[in-house]
Amino acid sequence: MGKVEFAVRRIDNLYRAWAAVRSNVNASGQETFKAEVKSISQNPIPHLRRIQNDLKRRQFAFEKQHAVLKTKSTGAKRPIVVSPINNRIVQRGILNVLQSENDKITPLLGEIGNALRTRTSVGGIPKRGVAYGIKLIQEALRSGATYYLRSDIRDFFTKVPKSEVTDFVQKQTGDGDFVSLLEQALGTELDNADEIKEYLYLFPLGDTGVPQGSSLSAFAGNVVLRDFDALTNGRKITTIRYIDDFVILGASEGAVKKAFSSAVTVLGNLGMQAYGPDENPEKSKCGSIGNGFDFLGCTIRPNGVAPSKKSKRKLLTNIQHDLSTGAFAIEEFALSAEPRRAGEAFAQIISRVDRKIRGWGDAFAFTDNRLPFDQMDQEIDRLIQEFNGRVRRAVNKASGDGKRRAQGVALLKDTPRF
């Protein structure tokens, strides 16, 4: 029995994994999984005990996943793999152990922790993220960086060599049972392969590639790119990487472009490619830092950091969509005599918009240029005023029950019989 594998199936670890999965599902729009999570939440320990026993007996079987094709702004398809809840719990349990800072577990992980603690790797690592990455960029600017080159790795998750990840983990842990479980957790088997035959090639069904959407995918990517991080930093060059997005900073155009050439070579040895500025201006860009540049949803200038135009536009578009579709639903409720139970009306729509605004603000709380916040608030005020006007007109036209339904306050008479 491997000690690392044993740590995965400890009930306290599985419970932490379950809590993370539950939180992620409840914050998402996956209604089917929300119902399952709600059911498990009523008494999670017996459910986790069953998973624990299956793991102990080597009988846990990862269920088939569901392929989802999302359309990028360019029109290209992005392959997302959606896993069943039990898969996610075990995957998250594995990740918990791999990222553990527990004094009893870290000695069992060899150099895995050091590989994940590369200073300039900021995505998919505990206690790091966008704010941490921006801080490192600002430090580089203060140290004399004046030129940048931003890029990302083409089709990154589909190019990650799984064997390199599992071989590294095997070498560091010496735990074959754990590595076998990791191999299964990184695999992809689809339940709707026949429905997406035309796009099946986009999904990581073979030895290369990890499922985008899995909690383990960022870990796998960070392991594979650990040499990239080491080789693209130093000699007055700073390269900040967030999973597959990176920016190279240096004191001159020549130094930065030379570093990018080295980065391309390192990636090529992994079977990967990075976009060049001349190839795809949307994916890659370079220039003087004095003119500012966008990275990780922010516009970065020597005198401050603010949310990027794209980030602001995305929030406003989402709010406008929610309020517009919500107003239409409220107008329907106001004119209908049908009971309202699950549908959202005024109170629920405003609450949802409020959560989005708060979440967006929290995500950019570290920025020091707050003028965009005031500008955004003015535009949001306008959208809410338009929404309120439509709701007010709908409520005024409604009957007594229709008014309550449109306002989003439940009527007891709408309670279904059981």
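Every value quoted in this text rests on a predicted model; they were computed, and no experiment measured them. Heavy-atom basis, side chains included; hydrogens, waters and symmetry copies ignored.
Between the side chain of Asp244 and the main chain of Asp155, no donor-acceptor pair closer than 3.5 Å is present. The closest donor-acceptor contact from the side chain of Gln65 to the backbone of Thr188 lies at 3.5 Å or more, if one exists at all. In this structure, Thr232 contributes its side chain and Thr239 its backbone to no donor-acceptor pair below 3.5 Å. Of the possible donor and acceptor atoms, one in the side chain of Ser284 sits under 3.5 Å from a partner among the backbone N and O of Tyr275. Although no hydrogens or angles enter the test, the distance criterion places no donor-acceptor pair under 3.5 Å between the side chain of Lys285 and the main chain of Leu149. At distances below 3.5 Å, at least one donor-acceptor pair connects side-chain atoms of Asn13 with backbone N or O atoms of Val8. When atom types are taken as modelled, the side chain of Asn369 and the backbone of Gly304 share no donor-acceptor pair closer than 3.5 angstrom. The backbone N or O of Gly297 lies less than 3.5 Å from a partner atom in the side chain of Ser308, making a donor-acceptor pair. Of the possible donor and acceptor atoms, none in the side chain of Glu36 sits under 3.5 Å from a partner among the backbone N and O of Pro84. Glu5 places no side-chain N or O within donor-acceptor distance of the main-chain N or O of Asp175, the cut-off being under 3.5 Å.
Ionic pairing of Lys77 and Glu198 is not present here: no N-O contact between side-chain nitrogen and carboxylate oxygen is shorter than 4.0 angstrom. Taking the charged nitrogens against the carboxylate oxygens, Asp294 and Arg150 have no contact shorter than 4.0 Å, which rules out a salt bridge. A salt bridge links Asp177 and Arg58; the closest N-O separation between the charged side-chain nitrogens and carboxylate oxygens is under 4.0 Å. Using a cut-off of 4.0 Å between Lys/Arg side-chain N and Asp/Glu carboxylate O, Asp354 and Arg358 are scored as salt-bridged. Ion pairing between Arg117 and Glu101 fails under the 4.0 Å rule for side-chain N and carboxylate O. The pair Asp12-Arg16 meets the salt-bridge criterion, with a side-chain N (NZ, NE, NH1 or NH2) lying under 4.0 Å from an Asp/Glu carboxylate O.
Interatomic distance, Ile357 CD1 to Asp362 CG, rounded to the nearest 0.5 Å: 12.0 Å. Annotation: the span from Phe295 atom CZ to Phe246 atom CZ amounts to 9.0 Å, rounded to 0.5 Å. The line from CG of Leu14 to NE2 of His47 is 10.0 Å long, rounded to the nearest 0.5 Å. Atoms NZ and OG, from Lys34 and Ser41 in turn, are 12.5 Å apart once rounded to the nearest 0.5 Å. Here the CZ atom belonging to Arg370 is positioned 11.5 Å from the CZ atom belonging to Phe364, to the nearest 0.5 angstrom. Summarising the geometry, atom CG belonging to Leu141 is positioned 11.5 Å from atom CG belonging to Leu136; distances are rounded to the nearest 0.5 Å.
Residues Leu181 and Leu55 have side chains in contact (heavy-atom distance under 4.5 Å, counting atoms from C-beta outward). A heavy-atom distance below 4.5 Å is found between the side chains of Pro161 and Met272. For the pair Ser311/Cys298, no side-chain contact is recorded, criterion being any heavy-atom separation below 4.5 Å from C-beta on. Proximity of Trp18 to Ile40: side-chain heavy atoms (C-beta onward) are separated by under 4.5 Å at one or more points. The shortest side-chain heavy-atom distance between Ile153 and Leu225 falls under the 4.5 Å cut-off. With contacts defined as side-chain heavy-atom distances shorter than 4.5 Å, the pair Ser262/Leu231 does not qualify. For the pair Leu190/Ile196, a side-chain contact is recorded, criterion being any heavy-atom separation below 4.5 Å from C-beta on. Here the side chains of Ile45 and Tyr15 are in contact, with some heavy-atom distance below 4.5 Å.
Taking every heavy atom of both residues into account, Ser83 and Arg88 meet most closely at O-NE, 2.7 Å. Heavy-atom minimum distance, Val256 versus Tyr147: CG2-O, 3.7 Å. Nearest heavy atoms, Leu216 versus Ala185: CD1-CB, 3.6 Å. The two residues Ser121 and Asp229 have their closest heavy-atom pair at CB-OD2, 3.6 Å. Here the closest non-hydrogen pair linking Leu267 and Ala274 is CD1-CB, 3.7 Å. Considering all non-hydrogen atoms of both residues, Ser215 and Leu95 come closest at O-CD2, 3.3 Å.
Remark: Arg352 CZ is packed, more than 12 non-hydrogen atoms of other residues, nucleotides or ligands lying under 6.0 Å away. Atom CZ of Phe328 is surrounded by 12 or fewer heavy atoms from other residues, nucleotides or ligands within 6.0 Å. The number of heavy-atom neighbours closer than 6.0 Å to NZ of Lys356, taken from other residues, nucleotides and ligands shown, is above 12. Surrounding CG of Asp207 are at most 12 heavy atoms belonging to other residues, nucleotides or ligands under 6.0 Å away.
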Going through the checks in order, is the salt bridge (Lys or Arg N to Asp or Glu O under 4.0 Å) test met by Arg226 and Glu111?
CA-CA 11 Å; Arg226 64 193 187 279; Glu111 292 298 311; over 6 Å; no
Apply side-chain contact (heavy atoms from CB on, under 4.5 Å) to the pair Val4 and Leu109, showing each step before the final yes or no.
CA-CA 8 Å; Val4 183; Leu109 300 176; 4.2 Å; yes
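A side-chain N or O of Gln52 and one of Arg49 form a donor-acceptor pair less than 3.5 Å apart.
The cationic atom of Arg9 (NZ for Lys, CZ for Arg) does not lie both less than 6.0 Å from the six-membered ring centre of Phe60 and within 45° of the ring axis.
Not counting sequence neighbours, the partners of Tyr148 by the ring-ring contact (aromatic ring centres under 6.0 Å, His included) test are Phe293.
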